[in-house]
Amino acid sequence: LWIPYWLGEPAYYKPPLAYWLMMPFFWLGGDRIMLARISVALTAVGTLALTYFLGKELYGKREAACASLLAAVSYGFLAFGRVGVMDMQLTFFLAASLLLFLRAMRRKSPVYAGLYFVVIGLSNLIKGPVVPLIIVTISFIILLFTRGWKPFFSRFAFAGMVVGGFIAFSWPLALYFKGEFDAWYAFFIVGENAGKFTDAMGYPALPFVATLLKWALPWSLLILVAPLVLAAKATPGRLDFMLPVVWMATVIGIHLIPAVRLPWYTFPALPAALLLVGAASVRYPGNPVLVWTYRLTGVLLALAAALVSV
């Protein structure tokens, strides 16, 4: 359970939670590649649900429904919701932690704060320390501006930290007791994580940032326009504007630091971008910039459909 294998050899590319989520479906029998994708598809559905609940918490039911619907038919969700990679699971745990964070802060709930820390611990078992780093960075920036610290300094929160910390470190602890810690450290920490800072291949920053537009298709133009519409109409310092913007900026900014910048690293920013689109579309449907962007998007979709049908 704790040691992933590839071609018969231990391969510590990623922590085991994503594999654990796939394993129960193997009991159904049949093509294991297809069965492994069931857990990914269910995680995609869960991420859409979390997008809805985040939108409902930030804006309202109509904005939430719009954002989750746009996400459901976006290229990124259709692509990552059917392949056995871990970026959909990463996005699920990121969205889940931010929903708990938001509820803890708004409702001044120590229980939600404790659950928030537990989910952070689980997120570390999906793709390693980059996920907790993203979550904690977003949360810290938001708390600096909102000063909603109190629920996160409670007994429930402390208990959540302890449980989350134990979960986060359970993989290396288990490998230590199995005598595999040195191999794991050399492979996962030095090779897979530190190695991303010294990779000799070139990964330009601008094309990397632009990949978010690819995952947002066919709503790419809207994710450029929606933040500007909201910033012009609302107070940028408000939580309903700030949280998605900080979410996007943190995901992209942290992944710009290493030398390795793979295209799918921007996908976890997609729900945040579409939350802004949903909010702008419902709150300001008559905004001329937004109206013309939707029209242009429709024209481009019609042209794409015509080209495909030829």
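Hydrogens, waters and symmetry mates are skipped; everything else that's a heavy atom, side chains included, is used.
I135 contributes atom CD1, which lies 11.5 Å from atom OG1 of T250 (distance to the nearest 0.5 angstrom). How far CD1 of I134 is from OG of S139: 11.5 Å, rounded to the nearest 0.5 Å. Taking CD from Q89 and NZ from K127, the interatomic distance works out to 9.5 Å, rounded to the nearest 0.5 Å. A distance of 4.5 Å separates CG of L300 from CG of L296, quoted to the nearest 0.5 Å. From L230, atom CG reaches atom CG of D240 across 8.0 Å, with rounding to the nearest 0.5 Å. Separating the CH2 atom in W247 from the CG atom in L276 is a distance of 10.0 Å, to the nearest 0.5 Å.
In terms of heavy atoms, A71 sits closest to L48 at CB-CD2, 3.6 Å. Minimum heavy-atom separation, P151 to A113: O-CB, 3.3 Å. The minimum heavy-atom distance between S74 and P218, with the atom names listed, is CA-CD, 4.5 Å. Of all heavy-atom pairs spanning S39 and F25, the tightest one is CB-CE1, 3.7 Å. Across every non-hydrogen atom of M105 and L143, the tightest pair is SD-CD2, 3.7 Å. G278 and C66 make their closest contact through CA-SG, 3.8 Å (heavy atoms, listed as atom of the first residue, atom of the second, distance).
For S109 (side chain) and A104 (main-chain N/O), no donor-acceptor pair under 3.5 Å exists by modelled atom type. With hydrogens and angles disregarded, a donor-acceptor distance shorter than 3.5 Å links the side chain of N193 to the backbone of F188. Within the 3.5 Å criterion, the main-chain N or O of L98 finds no donor-acceptor partner in the side chain of Y116. The closest donor-acceptor contact from the side chain of T211 to the backbone of K214 lies at 3.5 Å or more, if one exists at all.
Residues F101 and M242 fall within the same hydrophobic cluster, defined by Ile, Leu, Val, Met, Phe, Trp and Tyr side chains chained together at heavy-atom separations under 4.5 Å. Hydrophobic clustering (side-chain heavy atoms under 4.5 Å, transitive across Ile, Leu, Val, Met, Phe, Trp, Tyr) keeps F166 apart from F169. A single hydrophobic cluster is seen to contain both V83 and L90, as judged by linkage of ILVMFWY side chains at heavy-atom distances under 4.5 Å, directly or through other members. M22 is connected to L28 through a chain of hydrophobic side-chain contacts under 4.5 Å among Ile, Leu, Val, Met, Phe, Trp and Tyr, so both are in one cluster. Linking ILVMFWY residues whenever their side-chain heavy atoms come closer than 4.5 Å, directly or via other members, places L144 and L102 in the same cluster.
Around atom CH2 of W292, no more than 12 heavy atoms belonging to other residues, nucleotides or ligands sit under 6.0 Å away. Heavy atoms of other residues, nucleotides or ligands lying less than 6.0 angstrom from CZ of F187 number more than 12. The number of heavy atoms from other shown groups lying within 6.0 Å of CZ (R295) is above 12.
Using a 4.5 Å cut-off on side-chain heavy atoms (C-beta onward), L290 and V225 make contact. Counting only heavy atoms from C-beta outward, the side chains of V260 and Y265 approach each other to under 4.5 Å. L122 places a side-chain heavy atom less than 4.5 Å from the side chain of F93. Residues Y19 and M86 meet the side-chain proximity criterion, which asks for heavy atoms closer than 4.5 Å. Side-chain contact between L270 and L212 is present, with heavy atoms from C-beta onward closer than 4.5 Å. With a 4.5 Å cut-off on side-chain heavy atoms, T297 and L301 count as touching. In this structure the side chain of I138 reaches within 4.5 angstrom of the side chain of L243, judged on heavy atoms. Looking only at side-chain heavy atoms (C-beta outward), V163 and F117 stay at 4.5 Å or farther from each other.
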**Message:** Checking F158 against F153 for the ring pair (Phe, Tyr, Trp, His ring centres under 6.0 Å) test, could you report, in this order, the C-alpha distance in whole Å, the side-chain angles of both residues, the deciding distance, and whether it holds?
**Reply:** CA-CA 7 Å; F158 179 74; F153 290 92; over 10 Å; no

**Request:** Go through V282 and Y59 one step at a time and tell me if the side chain to side chain contact (heavy atoms under 4.5 Å, CB included) criterion holds.
**Result:** CA-CA 10 Å; V282 172; Y59 311 110; over 6 Å; no

**Request:** Start with the C-alpha distance between R106 and L239, add both sets of side-chain angles, then the distance that settles side chain to side chain contact (heavy atoms under 4.5 Å, CB included), and finish with yes or no.
**Result:** CA-CA 10 Å; R106 282 195 158 176; L239 186 60; 3.7 Å; yes

**Request:** Evaluate the side chain to side chain contact (heavy atoms under 4.5 Å, CB included) criterion for residues F77 and R82: first the C-alpha distance (whole Å), next the side-chain angles of each, then the deciding distance (0.1 Å), finally the verdict.
**Result:** CA-CA 8 Å; F77 269 82; R82 59 186 301 274; over 6 Å; no

**Message:** Applying side chain to side chain contact (heavy atoms under 4.5 Å, CB included) to L42 and L21, what does each step give before you reach the verdict?
**Reply:** CA-CA 10 Å; L42 292 175; L21 294 174; over 6 Å; no

**Intermediate values then yes/no, ring pair (Phe, Tyr, Trp, His ring centres under 6.0 Å), Y112 and F156** = CA-CA 8 Å; Y112 279 121; F156 284 103; over 10 Å; no

**Request:** Give the intermediate values and the outcome of ring pair (Phe, Tyr, Trp, His ring centres under 6.0 Å) for residues W184 and F181.
**Result:** CA-CA 5 Å; W184 167 82; F181 183 85; 5.3 Å; yes

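Between the side chains of S281 and Y294, at least one donor N or O sits under 3.5 Å from an acceptor N or O. Side chains of T47 and T91: a donor-acceptor N/O pair is absent below 3.5 angstrom, by distance only. T266 and W215 are linked by a side-chain donor-acceptor pair at a separation below 3.5 angstrom, with hydrogens and angles left out of the test.
Among L17, V162, L125, the single residue meeting the side chain to side chain contact (heavy atoms under 4.5 Å, CB included) criterion with I167 is L125.
Taking the six-membered ring for Trp and thresholds of 30 and 60 degrees, F80 and F267 have ring planes inclined between 30 and 60 degrees apart.
Using a cut-off of 4.0 Å between Lys/Arg side-chain N and Asp/Glu carboxylate O, E63 and K56 are scored as not salt-bridged. The residues R107 and E57 are annotated as salt-bridged, a charged nitrogen and a carboxylate oxygen being separated by less than 4.0 angstrom.
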